[in-house]
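Start at 1 and go down the list; that is how both ligands and their atoms are numbered. The first residue in the sequence is number 1, and the count goes up from there.
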Amino acid sequence: MQNGTTITQFIIEEQRHIEDATGDFTSLLNDVVTACKVISNDVNHGALFGVLGSAESENIQGETQKKLDVISNEVFLQSNEWAGHLAAMASEEMEDVYPIPKKYPRGKYLLVFDPLDGSSNIDVNVSVGTIFSILRCPGECKAEPSADAFLQPGTEQVCAGYALYGPSTMLVLTTGHGVNGFTLDQNIGEFILTHPNMTIPADTQEFAVNASNMRFWEQPVKRYIDECLAGSDGPRSKDFNMRWIASMVAEVHRILTRGGIFMYPLDEKMKAKGLGGKLRLLYEANPMSMIIEQADGAGHTGRERILDIKPEGLHQRVPVILGSKNEVEQVVRYYQEEAEGKAKDNAA
Ligand code: AHG
Ligand code: MN
Ligand code: MN
C-alpha cells in the first residue's frame, strides 16, 4: 500500500487534540512499535536466526521459557529503557519490577507487557503476539517505583495494544478513543493504518475455549458451552462454531475481525493450586479488555468487570471471558443465576 497513514502519523494526529501533551507518550509508543518490529523480524526468521526451541529456564509462573520469550523480553527492555519516558517496566518474564537504569532519565509512564504471548505455538509456526499496557506512574514517581505503582485497575490504562505475528504482522491499539489496526509493510518497515475503527458485533456464533478442561469448569461456564454445543436443537436455537489457537492475541484478533467469545475460565484445577485463573491481569486480561471494550465488546470474569479489578500482585491471574457483548452478558447472567440459586438454598 502506498501513501497510507503510518502509525506514527496516526498517533501524532490523535495526540494533537490532547491538552498538555508533551510528545512523551507519542515517543514512548514509537519505541514500543520499534520493539514489535524487531520481535516480528525474529519470529519471521525462526530457525534461520536460531531462535526456536526452549531456553531451558523457568519464569516466575513456573513455565518453561522459550528462547523467543527471553529474546523478546530483552528487546522490549532495550527499546524502551533509554528515552526517558518510563519510570519502570514489568513483564511476564520477570519476577520483579524492572527499574530504569540509573544512566537514563526517568519518565512518567509505566510499561507492562507479555513479550511473547502464545509462545507454545512458536515451534510449530503458528501465530504468536506481544501484549502491552501503558499506565501513568502514580504520584510524581520521585523514588524508584515498586510493584505497588503498577497495581492500578485496568480503567487507568492510558493505552493498550498488541502486535500479532501472523501471516502479516499487525499492531492493534487503543488510547481510549476506539481501536485501530495497522499492518506492517515489510518493504518500508512501517505500520500502515489498514483497519480503522475496529468494532465487534454484539452477537456471535463462535466460541473459543480449551475444551479439554471442561470437566473442571464452574457450572455457569459448563451450562453456557453445553448450550452452544446443543446448537439448533438446544435452548440457543442456533449452531455454534469453535476455534482454539492457544494464542490469546490471535484469538482476540479474530474476535475483533468477525466477532466471537473467548474464555479462559476459572476451574477446579486452578483453585486447587490457589490460582485465580490462567491468564495474567496486568499484561493479558487488562490490555485485551480495554481493546475489546473500546471496540464495543465486553470483558468479564463472570463475577466482575475485568477493568474494575483492583490488582493485588504483578502476576495476579484472573478468569477471562471476553468478546461479543451479548454472549459475554449471557455467561455473566448464568453466574448471577447460580449465585442467586445458592443464596436461596442457603436461606431455605
Ligand atoms: P503465554 O504464552 O504468554 O504463557 O500465554 C499463553 C496463554 C494464552 O495466549 C492462551 O490463550 C493460553 O495461554 C493457552 O492455554 P492452553 O495451553 O491451556 O490452551
Ligand atoms: Mn501470554
Ligand atoms: Mn508470554
### Query
For atom 7 (C) of ligand 1, what is the nearest protein heavy atom, given as residue, atom name and distance?
Leu279 CD2, 3.7 Å
#### Entry: Minimum-distance protein heavy atom relative to atom 18 (O) of ligand 1
Tyr264 OH, 2.5 Å
### Query
With respect to atom 4 (O) of ligand 1, which of Gln61, Met288, Glu284, Arg280 exhibits the smallest heavy-atom separation?
Arg280
### Query
Mind checking whether Asn121 has a heavy atom under 4.0 Å from ligand 1?
no
### Closest protein heavy atom (residue, atom, distance) for atom 5 (O) of ligand 1
Asp117 OD1, 3.1 Å
### Task
Show which atoms of ligand 1 fall inside a sub-4.0 Å distance from at least one heavy-atom site of Glu92.
1 (P), 3 (O), 4 (O)
### Query
Does Glu92 pair with Arg280 as a salt bridge, N-O distance under 4.0 Å?
yes
### Message
If I take the Mn ion (ligand 3) as the centre, what angle separates the O atom of Leu116 from the OE2 atom of Glu92? Nearest 10 degrees is fine.
### Response
160°
### Task
Indicate the atoms forming the closest heavy-atom contact of Asp239 with Ser232, along with that distance.
OD1-N, 2.8 Å
### Task
Could you tell me whether the Mn ion (ligand 3) has an N, O or S atom of Asp114 under 2.8 Å away?
yes
### Task
Check the angle between the aromatic planes of Phe240 and Phe207 and answer parallel, tilted or perpendicular using the 30° and 60° thresholds.
tilted
### Message
Return the closest protein heavy atom for atom 11 (O) of ligand 1 as residue, atom name and distance.
### Response
Met248 N, 3.6 Å
### Salt-bridge present (Glu218, Lys271; N to O < 4.0 Å)
yes
### Query
With ring centroids as reference points, do Phe132 and Tyr162 lie under 6.0 angstrom apart?
no
### Query
Is the distance between the ring centroids of Phe262 and Trp244 under 6.0 Å?
yes
### Query
Which of the atoms of ligand 1 are close to Lys278, meaning less than 4.0 Å from one of its heavy atoms?
12 (C), 13 (O), 15 (O), 18 (O)
### Message
Can you report which non-hydrogen protein atom sits closest to atom 1 (P) of ligand 1, along with the distance?
### Response
Gly118 N, 3.6 Å
### Atom name of the N, O or S atom in Asp117 that lies nearest to the Mn ion (ligand 2)
OD1
### Query
Among the N, O or S atoms that Glu284 has, which is closest to the Mn ion (ligand 2)?
OE2
#### Entry: Aromatic ring proximity, centroids under 6.0 angstrom, Phe113 and Tyr283
no
### Message
Determine whether the aromatic ring centres of residues Tyr335 and His300 are separated by less than 6.0 angstrom.
### Response
no
